[in-house]
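Proteins come first, then strands; the chains are lettered A, B, ... in the order of their sequence lines, and each starts at number 1.
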Amino acid sequence: MLQVNFIRENLEIVKQGLIKRGFQNIDDTLKAVLETDDSRKKTQSELDDLLAQSNKLAGEIGQLYKQGKKEEAENKKISVAKLKEAAKILQDNLTQAKSTLEEYLLNIPNIPHRTVPQGKGENDNEVYKAWDKAFPDLKDAKLPHWELAKKYELIDFEMGAKITGAGFPLYTGKGAKLQRALINFFLDAAEEAGYQEVIPPHVVNEASARGTGQLPDKEGQMYHIQIDDLYMIPTAEVPVTNIFRDVILHQNDLPKKLSGYTPCFRREAGSYGAHVRGLNRLHQFDKVEIVRVEHPDKSYDALQEMLKHVEGLLDKLELPYRILRLCGGDIGFTSALTFDFEVYSAAQERWLEVSSVSNFETFQSNRLKLRYKNEKGKKALAHTLNGSALALPRIVAALLENHQTTDGINIPKALWKYTQFEKIS
RNA sequence: GGAGGAGUGGCAGAGCGGUUGAAUGCACCGGUCUUGAAAACCGGCAUAGUCGAGAGGCUAUCGGGGGUUCGAAUCCCUCCUCCUCCGCCA
């Protein structure tokens with residue numbers, strides 16, 4: 001969430017940013033935001049005046065009682081009662097103004113970084129780093145992963161559907177081991193890169209979902225456990241970033257680098273069809289997420305470092321990939337700059353998104369109230385970043401498809417020590 | 001799930017209806033002393049909103065929300081969290 005003062009002081013920047021995201025006719029909204037804030041301030045100060053008067057009278061009444069001047073005290077009580085009545089109205093107005101302001105602010109997305117390209121949707125994303133080598137030549141072995149999964153008994157989609165429903169696969173045998181291997185591979189790599197491993201809760205409360213911006217923007221995306229009013233996490237970003245909700249770090253504590261493996265749960269309501277077949281889109285999947293809290297001056301360097309980290313993983317998995325810089329129309333609500341990683345899945349002959357690495361600048365930290373103190377004790381909002389490193393299903397899909405031969409699937413060398421097998425056959 | 005107890009500043013810990021935003025200790029920051037350090041001593045040290053050029057003023061905040069009262073950290077209700085005992089259980 002943007003700060004009102006930021007909007008006030010950078011009106012033109014905010015405007016241009018929203019236009020880049022495809023918003024139109026935002027002048028009125030921004031004007032209303034500032035007016036609401038003005039009226040909030042005015043009401044607050046009127047209310048404070050009344051409360052100051054009434055506090056003063058209360059003190060006087062106390063004195064009068066001590067001096068035994070009951071009658072005078074009673075008279076003053078009447079004045080206080082009148083003040084309170086007026087204060088009540090102001091209090092209601094203030095609450096109203098605050099909630100209106102909040103409502104506005106919650107619906108204004110982050111301002112895109114200056115390098116974010118103009119554009120309406122995914123077709124306008126910029127290819128930041130293209131794949132300049134050849135794609136795998138599959139020759140006679142060109143099965144899509146769902147057929148490979150069936151052939152080698154790696155994943156039982158029907159059984160998952162029986163147990164739970166579509167989008168909840170059951171991994172079996174070497175398929176299950178491959179999952180475990182990838183998770184460990186990713187976690188070890190993150191540790192090597194200086195990320196501290198955590199295992200967070202897989203279910204979060206409303207405050208956490210709000211803190212990272214899943215609420216109210218993406219309410220329908222999460223599974224909601226109504227009886228306890230908890231949400232199943234759509235990504236480890238939510239519980240991990242919320243470690244820092246209402247936290248004031250010292251500048252010297254930065255950066256904070258955390259990694260976490262969790263299953264992720266997404267309702268993905270309304271998305272069905274050929275493109276979501278097999279592992280392409282699931283309701284439950286595994287992911288290792290990396291999260292960073294950074295000093296504002298260093299967050300973009302950190303973002304680059306995260307890109308390198310993800311690139312390293314994909315190199316080791318011997319998968320062709322490209323990096324996209326998301327355009328204004330495709331970038332997430334809370335993000336200032338996002339790079340997506342896509343791996344090329346040779347049998348399906350299409351790119352699959354496997355990672356999204358973003359800098360949220362202060363957008364999340366403002367909601368989270370995540371700040372840092374500098375040497376002089378001055379507090380400022382920290383920057384938050386996160387990225388998938390990596391999400392498993394599409395990696396598995398690409399791994400199976402790209403590394404298939406007529407007599408089996410070759411496991412990339414980097415995984416051998418985790419899988420304990422070199423080939424699926 | 002049942003019965004009790006507790007939640008106060010970074011931590012520990014007073015206060016239990018009236019200048020208490022909150023004693024005291026520790027921690028932390030600045031200074032004096034010292035060749036240097038420690039000790040000792042002196043001073044500073046919550047957050048947020050708002051007004052002000054600034055000094056500073058005002059308001060709110062003692063787990064969250066609501067209530068009683070002229071006045072609440074202190075009384076009442078409710079929710080949350082933690083602790084103890086009982087029950088159930090991986």
Side-chain angles (χ1 to χ4, degrees), chain A residues 1-9 33-105 199-211 215 224-231 239 242-254 256 263 293 362 365-382:
Chain A
M1 167 162 91
L2 298 177
Q3 300 176 95
V4 204
N5 286 339
F6 178 85
I7 298 177
R8 191 181 293 283
E9 286 154 25
V33 168
L34 296 183
E35 278 171 0
T36 307
D37 189 46
D38 286 339
S39 115
R40 187 207 107 235
K41 282 191 206 172
K42 186 160 166 279
T43 312
Q44 177 83 65
S45 104
E46 285 170 10
L47 175 63
D48 286 354
D49 280 349
L50 288 189
L51 291 176
Q53 286 180 50
S54 120
N55 284 345
K56 189 158 167 269
L57 286 176
E60 289 170 12
I61 290 169
Q63 288 302 315
L64 291 171
Y65 271 118
K66 269 186 194 164
Q67 295 162 15
K69 297 179 183 167
K70 270 208 166 144
E71 208 164 305
E72 275 184 61
E74 293 300 327
N75 278 334
K76 296 226 179 201
K77 279 192 194 177
I78 295 168
S79 319
V80 174
K82 277 183 189 158
L83 287 173
K84 286 279 156 156
E85 227 170 279
K88 179 89 178 71
I89 295 167
L90 285 175
Q91 182 64 63
D92 288 348
N93 292 346
L94 181 62
T95 308
Q96 178 64 43
K98 278 184 174 170
S99 90
T100 305
L101 183 62
E102 172 97 348
E103 187 72 20
Y104 276 125
L105 292 177
I199 301 180
H202 297 170
V203 164
V204 295
N205 57 29
E206 192 189 319
S208 292
R210 204 165 269 281
L215 290 180
H224 185 196
I225 303 167
Q226 281 173 342
I227 192 167
D228 294 309
D229 202 17
L230 297 171
Y231 295 86
N242 271 282
I243 291 172
F244 301 102
R245 175 152 46 87
D246 295 320
V247 165
I248 301 176
L249 296 163
H250 192 272
Q251 182 170 299
N252 299 341
D253 297 333
L254 297 175
K256 289 281 183 190
V293 181
T362 59
S365 56
N366 186 36
R367 275 198 208 181
L368 290 163
K369 295 205 170 43
L370 162 56
R371 289 163 296 173
Y372 70 93
K373 248 187 217 176
N374 69 13
E375 302 300 342
K376 291 173 188 154
K378 178 115 176 111
K379 285 176 281 291
L381 293 172

Can you check the [X] [atom1] to [N] [atom2] distance for me, whole Å?
X       : N       : atom1 : atom2 : value
I248(A) : rC45(B) : CD1   : C1'   : 14 Å
D246(A) : rG10(B) : CG    : C1'   : 16 Å
K70(A)  : rG18(B) : NZ    : P     : 17 Å
D49(A)  : rC58(B) : CG    : P     : 12 Å
R8(A)   : rG49(B) : CZ    : P     : 13 Å
N366(A) : rA48(B) : CG    : C1'   : 13 Å
K98(A)  : rU61(B) : NZ    : P     : 11 Å
L83(A)  : rU59(B) : CG    : P     : 13 Å

Open item on the list: Within the supplied structure, the quantity of interest is the number of heavy atoms (other residues, nucleotides, ligands) at a distance under 6.0 Å from I199(A) CD1; does it exceed 12?
Closed with: no
[N] and [M]: how far apart are their [atom1] atoms, nearest whole angstrom?
N       : M       : atom1 : result
rU47(B) : rG21(B) : C1'   : 11 Å
rG56(B) : rG66(B) : C1'   : 35 Å
rA27(B) : rG17(B) : C1'   : 33 Å
rG10(B) : rG18(B) : C1'   : 31 Å
rU84(B) : rC70(B) : C1'   : 42 Å
rG71(B) : rG67(B) : P     : 12 Å
rU74(B) : rU69(B) : C1'   : 13 Å
rA73(B) : rU20(B) : C1'   : 9 Å

Measure all distances between protein nitrogen or oxygen atoms and nitrogen or oxygen atoms of nucleotides 70-77 of chain B, and list the pairs falling under 3.5 Å.
| from | atom 1 | to | atom 2 | distance (Å) |
| --- | --- | --- | --- | --- |
| rG71(B) | OP1 | K84(A) | NZ | 3.3 |

Beyond-backbone contact of [X] with [Y], side-chain heavy atoms, under 4.5 angstrom:
X       : Y       : result
I243(A) : K256(A) : no
E46(A)  : D49(A)  : no
L94(A)  : R40(A)  : yes
D38(A)  : R8(A)   : yes
Y231(A) : L215(A) : yes

- [ ] List the steps and the verdict of side-chain contact (heavy atoms from CB on, under 4.5 Å) for V293(A) and L370(A).
- [x] CA-CA 9 Å; V293(A) 181; L370(A) 162 56; 3.8 Å; yes
Task: RNA chain B-proximal residues of residues 86-96 of chain A, any heavy atom under 4.0 Å - done: none
Task: Polar side chain donor-acceptor pair, D92(A) to Q96(A), under 3.5 angstrom - done: no
Open item on the list: For S45(A) and D48(A), which I'm curious about, is there any donor-acceptor pair between the side chains at under 3.5 Å?
Closed with: no
Does [N] have a Watson-Crick or wobble partner in any strand here, with both distances under 3.5 angstrom, and which is it?
N       : result
rC16(B) : none
rA22(B) : none
rG7(B)  : rC80(B)
rC58(B) : rG49(B)
rU74(B) : none
rA39(B) : none
rG1(B)  : rC86(B)

- [ ] Select one nucleotide: of rU59(B), rU50(B), rA48(B), the one nearest the side-chain heavy atoms of A52(A).
- [x] rU59(B)
Open item on the list: Heavy atoms from C-beta onward define the side chain here; which of rA48(B), rC51(B), rA60(B) lies closest to that of K41(A)?
Closed with: rC51(B)
- [ ] Kindly compute the distance separating CZ (R371(A)) from CG (D246(A)), expressed to the nearest 0.5 Å.
- [x] 8.0 Å
Run the side-chain donor-acceptor check on residues 70-88 of chain A: report pairs under 3.5 Å with partners two or more places apart or on a different chain.
| from | atom 1 | to | atom 2 | distance (Å) |
| --- | --- | --- | --- | --- |
| E74(A) | OE2 | Y65(A) | OH | 2.9 |
| K76(A) | NZ | E60(A) | OE1 | 2.5 |
| K77(A) | NZ | Y65(A) | OH | 2.9 |

TODO: Apply side-chain contact (heavy atoms from CB on, under 4.5 Å) to V33(A) and L101(A), showing your working.
DONE: CA-CA 6 Å; V33(A) 168; L101(A) 183 62; 4.0 Å; yes
- [ ] Check whether any side-chain N or O of K369(A) sits under 4.0 Å from OP1 or OP2 of rA48(B), and answer yes or no.
- [x] no
- [ ] Determine: side-chain N/O of R371(A) to OP1/OP2 of rU47(B), distance under 4.0 Å, yes or no.
- [x] no
Task: Of Q63(A) and Q44(A), the one whose closest RNA chain B nucleotide lies more 5' - done: Q63(A)
